[in-house]
Amino acid sequence: MYKALIIDDEKPVQIAIQKLGNWKYYGIEPPRLAVNGRDGLAAMREFHPDIVFVDMNMPVMDGVSFLQAASGEFPDSQYVVVSGYDQFSYAQQALHYGACEYLLKPVEEYALNNAIEKAILRMDPDASFQEAKPSQGEISPDEAVSIIKDYIDSNYCQNIKITMFSEKYFFSTEYLTRLFRGRYGCTIYEYVLKLRMERAKELLEDEDNKILDIAERLGYADNHYFSRAFRNYYNISPSQYRKDFLKRQEEKNGPAPSPHHPYPP
């Protein structure tokens with residue numbers, strides 16, 4: 001059987017790859033885990049994996065440094081990059097060091113298994129897969145909640161509905177909501193709103209950002225709906241929050257120098 005290694009410091013991502021990969025179908029042993037590039041290299045020297053899934057942004061040794069070292073030491077292994085950053089420079093570096101695929105987080109089942117199949121075919125062009133692929137492996141409620149939070153952290157500006165999770169993991173919306181609240185102290189929708197509102201404050205503090213554009217960036221098609229949501233959350237309107245923030249900054253830093261007197265007295 002083939003051997004696989006997952007190198008990622010985010011537990012929800014490790015769980016997602018473990019659960020969504022059709023390992024038995026492709027003749028792969030259950031993947032082993034590492035949390036950074038240095039540990040990943042040590043693991044590779046121990047059991048020589050055929051397929052390696054690696055994050056680009058990790059502590060101790062990042063994905064680029066890992067690929068540079070690993071591709072030279074283990075040129076026959078296949079590398080699949082799993083990154084939260086859709087950046088051309090990352091993809092270019094990954095391909096430079098021989099990565100066969102570049103996947104974006106959150107990991108999707110179809111894309112993941114396509115990458116696995118592509119890696120195997122690069123190792124064995126004559127490999128065939130004749131049996132029907134099994135359905136997604138069972139995910140425990142706690143694992144589902146971790147994956148949901150990870151997805152929201154990266155996609156809170158999108159239109160998120162609880163039903164998209166309940167249909168995928170076969171748990172009721174009520175049950176997932178209760179589990180999520182038990183772990184994180186709020187419902188799924190409340191958590192989405194929290195992330196949006198915190199980001200809204202950051203964007204409002206830059207006066208070059210128009211409130212209409214901020215609303216659109218945060219997933220609100222209607223500017224009035226965004227303003228109402230912001231007021232309900234912070235008990236202040238977006239425009240007033242910006243005015244108060246700029247006033248505090250001016251009081252803290254002093255008034256800007258006059259254009260006729262470039263240097264304050």
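Just so it is clear, the structure is predicted and the values come from calculations on it, not from any experiment.
Using a 4.5 Å cut-off on side-chain heavy atoms (C-beta onward), Ile51 and Ile28 make contact. In this structure the side chain of Ile188 never reaches within 4.5 angstrom of the side chain of Arg181, judged on heavy atoms. Contact annotation: the side chain of Cys100 approaches that of Val80 to within less than 4.5 Å [non-hydrogen atoms, C-beta and beyond]. Using a 4.5 Å heavy-atom cutoff, the side chains of Asn223 and Phe226 are in contact. Residues Leu112 and Ile17 have side chains in contact (heavy-atom distance under 4.5 Å, counting atoms from C-beta outward). Contact check for Val64 versus Met56: side-chain heavy atoms found under the 4.5 Å cut-off. Residues Asp50 and Met123 meet the side-chain proximity criterion, which asks for heavy atoms closer than 4.5 Å.
We find that Arg242 and Glu207 are not joined by a salt bridge, their nearest charged nitrogen and carboxylate oxygen being 4.0 Å or further apart. A salt bridge links Arg32 to Glu46: one of the charged nitrogens lies within less than 4.0 Å of a carboxylate oxygen. Salt bridge absent: Glu109 and Lys19 never bring a charged side-chain N and a carboxylate O closer than 4.0 Å. Salt-bridge annotation for Arg199 and Glu202: present, with a side-chain N of the basic residue lying under 4.0 Å from a carboxylate O of the acidic one. Using a cutoff of 4.0 Å between basic side-chain nitrogens and carboxylate oxygens, Asp8 and Lys105 are scored as salt-bridged. Taking the charged nitrogens against the carboxylate oxygens, Lys3 and Glu29 have no contact shorter than 4.0 Å, which rules out a salt bridge. Comment: Asp213 does not engage Arg217 in a salt bridge, judged by the lack of any side-chain N to carboxylate O separation of less than 4.0 angstrom. Using a cutoff of 4.0 Å between basic side-chain nitrogens and carboxylate oxygens, Lys194 and Glu198 are scored as salt-bridged.
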Pair Ile7-Asp39, side-chain contact (heavy atoms from CB on, under 4.5 Å): steps then yes or no: CA-CA 8 Å; Ile7 309 174; Asp39 292 347; over 6 Å; no
Derivation and outcome, salt bridge (charged side-chain N to carboxylate O under 4.0 Å, His left out), residues Asp142 and Arg183: CA-CA 9 Å; Asp142 286 340; Arg183 176 177 295 188; 3.7 Å; yes
Stepwise side-chain contact (heavy atoms from CB on, under 4.5 Å) test for Glu10 and Asp55: CA-CA 9 Å; Glu10 298 180 65; Asp55 185 19; 4.3 Å; yes
Stepwise ring pair (Phe, Tyr, Trp, His ring centres under 6.0 Å) test for Tyr2 and Tyr26: CA-CA 8 Å; Tyr2 295 109; Tyr26 290 115; 9.4 Å; no
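Between Phe230 and Tyr234, the ring planes are tilted. Angles from 30° to 60° get that label.
With values rounded to the nearest 0.5 angstrom, Glu251 atom CD is found 11.5 Å from Leu246 atom CG. Atom CE of Met61 and atom CZ of Phe66 lie 8.5 Å apart (nearest 0.5 Å). Atom-to-atom distance recorded for Ser239:OG and Lys243:NZ is 5.5 Å, nearest 0.5 angstrom. Here the CD1-OH distance, from Ile214 to Tyr220, works out to 12.0 Å after rounding to the nearest 0.5 Å. One finds the CG atom of Leu204 at 7.5 Å from the OH atom of Tyr241 (value rounded to the nearest 0.5 Å). Rounded to the nearest 0.5 Å, atoms CD1 (Ile147) and CD1 (Ile152) are 12.0 Å apart.
Taking hydrophobic clusters as Ile, Leu, Val, Met, Phe, Trp and Tyr residues chained together by side-chain heavy-atom distances below 4.5 Å, Met44 shares a cluster with Phe47. Using a 4.5 Å cut-off between side-chain heavy atoms of Ile, Leu, Val, Met, Phe, Trp and Tyr, with links allowed through other members, Tyr156 and Met164 fall into the same hydrophobic cluster. Connection of Tyr151 to Leu195 is established within a shared hydrophobic cluster, with ILVMFWY side chains joined at heavy-atom distances below 4.5 Å, either directly or through further cluster members. Cluster annotation: Met1 is not connected to Ile6 through the hydrophobic network of ILVMFWY side chains, with a link wherever side-chain heavy atoms come within less than 4.5 Å. A continuous path of Ile, Leu, Val, Met, Phe, Trp and Tyr side chains, each step under 4.5 Å between heavy atoms, connects Phe165 with Tyr175, placing both in one hydrophobic cluster.
When every heavy atom of Ile160 is checked against every heavy atom of Asn155, the shortest pair comes out as CD1-O, 3.3 Å. Closest approach of Pro31 to Gln18, counting heavy atoms only: O-NE2, 4.2 Å. Counting all heavy atoms, side chain and backbone alike, Gln78 lies closest to Asp76 at NE2-O, 3.6 Å. In terms of heavy-atom proximity, Pro49 sits nearest to Ser77 at O-OG, 2.8 Å. Ala127 and Ile120 make their closest contact through CB-CG2, 4.0 Å (heavy atoms, listed as atom of the first residue, atom of the second, distance). Trp23 and Ile116 get closest at one heavy-atom pair: CZ3-CD1, 3.6 Å.
The main-chain N or O of Leu67 is found under 3.5 Å from a side-chain atom of Ser71 such that the two form a donor-acceptor pair. One N or O on the side chain of Asn232 and one on the backbone of Arg228 form a donor-acceptor pair closer than 3.5 Å. In this structure, Arg196 contributes its side chain and Leu218 its backbone to a donor-acceptor pair below 3.5 Å.
For Lys161, the salt bridge (Lys or Arg N to Asp or Glu O under 4.0 Å) criterion is met by no residue, not counting sequence neighbours. For Ser154, there are no side chain to side chain donor-acceptor pair (under 3.5 Å) partners at least two apart in sequence or on another chain.
Surrounding CD of Glu108 are at most 12 heavy atoms belonging to other residues, nucleotides or ligands under 6.0 Å away. Crowding of Asp124 atom CG: a count of heavy atoms from other residues, nucleotides or ligands under 6.0 Å exceeding 12.
Here Tyr79 and Phe53 keep their ring centres 6.0 angstrom or further from each other.
No side-chain N or O of Glu117 forms a donor-acceptor pair with one of Asn113 less than 3.5 Å apart.
For the pair Lys149 and Tyr184, the cation-pi test (distance below 6.0 Å, angle within 45°) is passed.
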